[in-house]
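Values reported hereafter were calculated over all heavy atoms of this structure, with side chains retained and with hydrogens, waters and symmetry mates removed. Throughout, a chain's letter reflects where its sequence line sits, starting with A, and its residues are numbered from 1.
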Protein chains: 2
Amino acid sequence: MASQRGEGETTTTPAEPADRERARAIPEAAVARLAVYLRVLSGMADQGVTAVSSEELSQAAGVNAAKLRKDLSYIGSYGTRGVGYDVEVLVSHIERILGLTRNHSVAVVGIGNLGHALANYGGFPGRGFPVTALFDVDADLVGIPVGGIPVNHIDDITAVCLEREVSIGVIATPPPAAQSVCDRLVSAGVQCILNFAPVVLQVPDNVEVRKVDLAVEMQILSFHVARRADEAASVSAGIGPAGNNGLGVDGMVIRP
Amino acid sequence: MASQRGEGETTTTPAEPADRERARAIPEAAVARLAVYLRVLSGMADQGVTAVSSEELSQAAGVNAAKLRKDLSYIGSYGTRGVGYDVEVLVSHIERILGLTRNHSVAVVGIGNLGHALANYGGFPGRGFPVTALFDVDADLVGIPVGGIPVNHIDDITAVCLEREVSIGVIATPPPAAQSVCDRLVSAGVQCILNFAPVVLQVPDNVEVRKVDLAVEMQILSFHVARRADEAASVSAGIGPAGNNGLGVDGMVIRP
DNA sequence: TCGACTTTGTGCATCCGTTCACAAGCGGTA
DNA sequence: TACCGCTTGTGAACGGATGCACAAAGTCGA
């Protein structure tokens with residue numbers, strides 16, 4: 001019965017007691033940005049950069065400098081006034097807060113086009129997320145290794161997930177199967193789900209779902225295309241505001 | 001030079017004049033939800049449902065009923081008090097606002113694992129987004145059809161995008177190539193970009209970028225795993241609040 | 001040792017989005 | 001026709017996130 005993860009909290013890093021209340025207080029939007037900062041910082045570290053100011057980092061991450069400092073302040077005060085931040089220090093603290101000091105075993109369900117792509121990443125981008133199990137309904141796929149991992153039958157989800165202590169389930173199935181797969185993952189003790197299926201999943205309160213919805217993304221872009229067209233029409237009709245939208249097609253203006 | 005899309009605004013639907021100001025006022029979050037409502041409504045229509053109340057629709061979409069009504073109010077008043085909404089009517093109005101009454105030609109750049117998956121969708125989920133061009137740097141791939149469309153060399157982006165009036169560019173390249181590809185798309189007149197590369201793109205003001213970042217999604221989930229572990233530790237130590245988090249592993253509790 | 005300069009961390013005002021609560025409006029019924 | 005119950009649409013309160021501006025705090029050079 002090795003499913004209740006993180007029971008003993010010996011997580012390599014000292015784990016200061018204040019972290020608990022801190023972690024609970026960090027707004028979700030800030031968490032997402034912290035992940036971005038982490039990537040930028042890692043890149044800097046790889047290039048030998050050892051120190052960085054909030055100004056530099058914020059530009060590289062594409063956010064406001066004040067917002068960046070506020071985000072960092074959620075996890076503690078690790079900067080030096082008049083100097084900036086030590087890249088290594090910041091990286092390790094963000095990793096700690098994001099829970100990246102331990103590995104998170106990932107299961108991918110649905111080995112179609114997308115499932116293949118995900119499995120072949122072999123450990124998700126930005127290590128620490130080893131894919132340890134693959135599932136599909138198709139009996140012909142079972143046993144065949146994809147990205148080095150053999151595909152299991154979907155009926156074995158519970159057993160396999162418990163055995164391999166899967167923390168994160170990725171749903172890459174067709175829409176009709178998604179809710180059923182989700183239910184099975186939940187009953188296997190998986191509390192975090194990344195859902196690629198265009199379906200609104202119903203889950204218990206203690207399960208965290210994040211969805212990646214290509215159709216929605218495309219439609220948001222479509223909305224902006226339409227809005228642009230409308231604005232252009234308004235402007236050319238002399239209705240619109242004196243906006244500074246230079247709609248030049250040939251311009252390759254890159255913002256500094 | 002047929003690049004300035006939507007010049008004449010004969011968009012099949014009457015296109016009420018008030019729409020312009022409306023579209024500009026709709027918050028982005030609401031736009032994303034409208035896309036979700038649209039999908040749910042389409043599903044209902046397929047099942048022969050003709051009318052729906054805000055309560056029903058909001059449950060199916062997993063949002064607050066009041067929020068749903070406010071979202072719908074952004075696009076106009078198309079409900080009937082005491083009755084609800086006509087499914088067909090709502091579908092057509094949401095489609096109109098989202099600009100789905102016309103097709104949006106899509107180009108996918110980077111035909112690796114993900115690019116393959118995207119190309120093979122053959123017209124993105126939820127029609128209206130035909131993939132009309134594929135690009136890659138690899139000369140070995142050029143000419144080979146993927147999902148029925150031959151791959152072009154990346155150097156031909158500008159010409160091909162202009163010719164096929166691409167409105168939306170999808171970047172599925174490795175990180176180092178992303179910015180360069182983005183620049184080329186922009187100079188080809190593409191104003192909407194969906195970016196799968198874990199890179200912060202720099203673009204001019206008139207270009208809309210949406211990013212899908214798997215690493216960030218995973219790390220947000222990781223954060224929640226860590227937070228859970230901390231909370232569990234606090235609770236078992238008698239520190240935490242009397243939260244109702246029944247961490248039962250066997251429970252398959254589906255919220256109504 | 002002292003002062004000038006740089007950059008962090010944060011209180012505060014502002015803005016945007018969510019939620020509540022209720023009046024307005026519509027269909028059905030007597 | 002007049003009433004009743006139901007559901008929409010929205011004004012207003014609320015809460016959370018964003019951006020500003022500045023004090024606190026450190027480094028560097030004289």
Between A:R69 and B:R69, which is nearer to the 5' end of DNA chain D once each is assigned its nearest nucleotide?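 Comparing both residues, the 5'-ward one is B:R69.
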5' priority, DNA chain D, between A:A29 and B:G82 [closest heavy atom]: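 Between the two, 5'-proximity favours B:G82.
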Between [N] atom [atom2] and [X] atom [atom1], what is the distance in whole Å?
X	N	atom1	atom2	answer
A:E28	D:dT18	CD	P	12 Å
B:Y74	D:dT8	OH	C1'	16 Å
B:L90	D:dG9	CG	C1'	14 Å
A:I26	D:dT18	CD1	P	13 Å
B:L68	D:dT10	CG	P	14 Å
B:E55	C:dT19	CD	P	13 Å
B:Y78	D:dG9	OH	P	10 Å
A:L72	C:dT10	CG	P	11 Å

B:V200 backbone acceptor or donor facing A:R39 side chain under 3.5 Å: no
Hey, does the side chain of B:H224 reach the backbone of A:Q191 with a donor-acceptor pair shorter than 3.5 angstrom?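 Not confirmed, B:H224 side chain does not pair with A:Q191 backbone.
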Is there a donor and acceptor pair closer than 3.5 Å between the side chain of A:K70 and the base of D:dT18?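 Under the 3.5 Å cut-off, the side chain and the base do not form any donor-acceptor pair.
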OP1 or OP2 of [N] under 4.0 Å from side-chain N/O of [X]:
X	N	value
B:S54	D:dT8	yes
B:R81	D:dT10	no
A:N64	D:dA17	no
A:Y85	C:dG9	yes

Between A:Y85 and A:S53, what is the shortest heavy-atom contact and its length? CD1-C, 4.5 Å
Any heavy-atom pair between the side chains of A:L72 and A:Y78 that's under 4.5 Å? no
Enumerate donor-acceptor pairs with a distance under 3.5 Å from any side-chain N or O in residues 62-70 of chain B to protein atoms, sequence neighbours excluded.
unit_1 : atom_1 : unit_2 : atom_2 : d
B:N64  : OD1    : B:A66  : N      : 2.6
B:N64  : OD1    : B:K67  : N      : 3.3
B:R69  : NH1    : B:S54  : OG     : 3.0

Nearest-nucleotide pick for B:K67, side chain only, options being C:dC26, D:dA17, C:dT18: C:dT18
